[in-house]
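Numbered from 1 within each chain, the chains take letters A, B, ... in sequence-line order.
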Amino acid sequence: MKRRADQQPGFVLHSYPYRETSLIVEAFTRRFGRIALLARGARRPRSAMRGVLLSFQPLRLGWSGGELANLVSAEWAAALQPLAGLALMCGFYLNELILRLVPREDPHEGLFDVYAESLARLSVGAPHAAVLRSFERRLLAELGYAPLLERDAASRPIDPARLYVYEPDRGPAPANGAASGELAVSGRTLLDMAKDDYTRPETRDEARALMRALIGERLHGQSLYTRAVLLELNGL
Amino acid sequence: MDKSGVPTARGLDRLLEALRVLPGVGPRSAQRMAYHLLQHDRAGAEQLAGALAAALAGVRRCARCNNFTEDEICPLCRSPRRDASLLCVVETPADLATVEQTQSFSGMYFVLMGRLSPLDGVGPRDVGLDRLLERATDGVVQEVILATNFTNEGEATAHYIAEMLRARNVKASRIARGVPLGGELEFVDIGTISQAMIDRRTL
């Protein structure tokens with residue numbers, strides 16, 4: 001990693017207490033990807049960084065040093081309306097996806113921009129499903145697993161009237177007769193997803209199940225904390 | 001220890017290892033503490049060992065507010081002078097102590113002993129939300145004041161408690177945030193001012 005950087009657009013994904021008064025910040029930066037930074041003294045009562053090092057806020061970060069660089073500066077870059085309620089949970093979910101799936105120090109400028117835009121949309125109350133599905137699709141594409149949505153596994157155009165079964169490594173294959181389960185998806189849904197159009201309830205349901213399965217493949221069977229916590233909350 | 005009171009190397013190692021469970025204590029601090037206790041302050045060490053054992057055996061969670069206490073129900077929850085219709089929810093015993101210091105709140109408390117933290121897998125049951133709901137819907141509590149921290153995790157915690165209380169027709173309120181008392185705008189961090197603008201109120 002570059003030893004010194006200044007005024008880098010970035011977000012805090014998560015932070016952990018370190019020693020008595022410091023924080024380890026997992027940041028997602030535009031030019032350097034996901035990096036860990038040590039924010040010395042950031043947990044002191046009068047630390048100027050306290051009100052700044054918050055998730056979901058566009059920041060400009062400066063750091064210096066090697067493997068675990070010291071955070072030197074953190075500035076407010078723009079004011080987003082803070083996420084609240086379910087939008088806040090969606091924000092945690094996006095952060096967990098990045099933390100779990102994007103390797104450290106691997107720049108993904110396109111994904112960074114989509115992430116920033118997703119947060120901005122969540123903060124003004126955009127429909128959550130549309131924001132999450134288009135982010136997930138872009139994330140998979142950045143990792144080299146772009147879902148095939150406009151053509152089937154044999155490169156034929158998707159027929160909106162047909163039912164498909166999505167094979168994670170190959171793409172959608174026309175279903176013979178009745179298919180069910182999270183990998184069963186209508187041609188119409190695949191084409192809607194290709195256009196990021198989630199106005200149809202059926203598209204939302206099928207797309208959520210499909211993306212969940214495809215992301216599950218990338219997580220190699222590990223489950224996501226945010227999903228488990230949300231399920232538990234809904235059960236109370 | 002052997003009979004003469006000199007620590008065997010193994011005893012010292014175990015002490016060093018044990019001290020490192022404390023937050024912020026690494027190998028070097030642990031070594032300094034261990035040598036201090038064994039060399040210079042053996043009476044203090046005795047006292048520490050006794051206090052630790054007694055606390056572990058005697059201190060438990062209050063059945064009503066979840067704070068640490070030696071009784072089934074803590075003195076604060078038993079006090080007839082407190083207003084049982086107000087319930088203030090805080091994250092930690094330290095937060096409770098801070099609100100108490102203000103002497104501006106005369107209601108009861110519920111200590112979560114944490115906060116929802118989805119990224120760390122800390123869910124509602126880990127912070128006793130089920131017990132809080134039971135407490136808040138006992139018919140005596142009229143208003144629940146959410147005094148969790150103004151972090152994203154604290155906000156998520158407050159939001160979900162509020163939602164659950166709304167579904168059960170219990171009034172929920174959130175403590176206000178903004179520029180600190182005596183604060184001069186010039187010296188207040190930008191995030192706080194930005195939030196204060198959003199949360200402004202009509203006069």
Side-chain angles (χ1 to χ4, degrees), chain A residues 12-22 26 43 45-57 59 74-100 123 222-236, chain B residues 22-26 28-29 94 98 115-134 136-137 149-168 174 177-180 183 187-199:
Chain A
V12 172
L13 294 174
H14 196 29
S15 54
Y16 316 87
Y18 180 72
R19 300 249 171 104
E20 198 75 341
T21 59
S22 301
E26 286 277 1
R43 280 162 60 231
R46 310 221 176 272
S47 164
M49 286 193 178
R50 273 201 157 213
V52 179
L53 286 180
L54 296 173
S55 297
F56 316 125
Q57 282 296 344
L59 303 176
E75 291 167 22
W76 203 253
L80 285 187
Q81 177 88 24
L83 300 185
L86 198 53
L88 180 54
M89 290 304 284
C90 292
F92 283 128
Y93 172 70
L94 298 186
N95 285 8
E96 186 172 17
L97 286 182
I98 297 174
L99 286 165
R100 300 279 280 272
S123 79
Q222 289 181 306
S223 56
L224 291 169
Y225 283 143
T226 38
R227 189 173 283 145
V229 167
L230 205 51
L231 279 177
E232 209 185 316
L233 281 167
N234 291 338
L236 275 182
Chain B
L22 292 168
V25 175
R28 286 183 61 180
S29 317
T98 307
R115 67 211 64 92
L116 290 180
S117 184
L119 289 177
D120 301 305
V122 178
R125 270 172 238 287
D126 300 311
V127 294
L129 287 205
D130 41 350
R131 287 184 51 210
L132 168 61
L133 282 186
E134 231 172 85
T137 52
N149 288 336
F150 284 99
T151 55
N152 285 302
E153 286 78 9
E155 285 289 329
T157 310
H159 169 80
Y160 276 97
I161 296 173
E163 289 280 293
M164 289 163 191
L165 294 174
R166 192 170 304 134
R168 290 161 177 82
R174 181 85 168 108
R177 66 181 147 193
V179 179
F187 302 112
V188 175
D189 71 276
I190 302 299
T192 301
I193 302 220
S194 163
Q195 192 62 52
M197 290 304 278
I198 292 166
D199 287 348

Checklist entry - Partners of A:L88 by side chain to side chain contact (heavy atoms under 4.5 Å, CB included), sequence neighbours excluded? => result A:F56, A:L83, A:F92, B:N152, B:E155, B:A156

Next on the checklist: Please classify the contact of B:V122 with chain A as side chain, backbone, both or neither, using a heavy-atom distance under 4.5 Å.
Outcome noted: backbone

Item to check | Rounded distance [0.5 Å steps], CG in B:D120 versus OG1 in A:T226 | outcome: 11.0 Å

Item to check | Test item: A:M89 and B:P118 side chains (from C-beta on) under 4.5 Å apart, heavy atoms | outcome: yes

Checklist entry - So how far is it from B:Y160 OH to A:N234 CG, rounded to the nearest 0.5 Å? => result 6.5 Å

Item to check | Validation row: A:M49, B:D189 side chains within 4.5 angstrom (heavy atoms) | outcome: no

Checklist outcome for this item: d(B:Q195 CD, A:Q81 CD) to nearest 0.5 Å is 7.5 Å

Checklist entry - Has B:R174 got more than 12 heavy atoms of other residues, nucleotides or ligands less than 6.0 Å from its CZ? => result yes

Next on the checklist: Heavy-atom cut-off 4.5 Å, strictly under: side chain, backbone, both or neither for A:L99 against chain B?
Outcome noted: side chain

Checklist entry - Using a cut-off of under 4.5 Å for heavy-atom pairs, which of A:L233, A:T21, A:N95, A:V52 has the most such pairs with chain B? => result A:L233

Next on the checklist: Using a 6.0 Å cut-off, check whether atom OH of A:Y225 has over 12 heavy atoms from anything other than its own residue.
Outcome noted: no

Checklist entry - Run the side-chain contact (heavy atoms from CB on, under 4.5 Å) check on A:L54 and B:F150 step by step: do they pass? => result CA-CA 10 Å; A:L54 296 173; B:F150 284 99; over 6 Å; no

Checklist entry - Side chain, backbone, both or neither: which part of B:R168 has a non-hydrogen atom closer than 4.5 Å to chain A? => result side chain

Checklist entry - Which region of B:E163, side chain (C-beta onward) or backbone (N, CA, C, O), has a non-hydrogen atom less than 4.5 Å from a non-hydrogen atom of chain A, or is it both or neither? => result neither

Checklist entry - What part of A:Y16 gets closer than 4.5 Å to chain B, counting heavy atoms only: side chain, backbone, both or neither? => result side chain

Item to check | Within-4.5 Å side-chain heavy-atom neighbours: A:L13 and B:L119 | outcome: no

Checklist entry - What part of A:L86 is in contact with chain B, defined as an atom under 4.5 angstrom from a non-hydrogen atom: side chain, backbone, both or neither? => result both

Checklist outcome for this item: Minimal heavy-atom distance between A:H14 and B:S117, with the atoms involved, is CE1-OG, 4.4 Å

Checklist entry - Looking only at heavy atoms, which two atoms of B:I198 and A:P82 are closest? And how far apart? => result CD1-CD, 3.8 Å

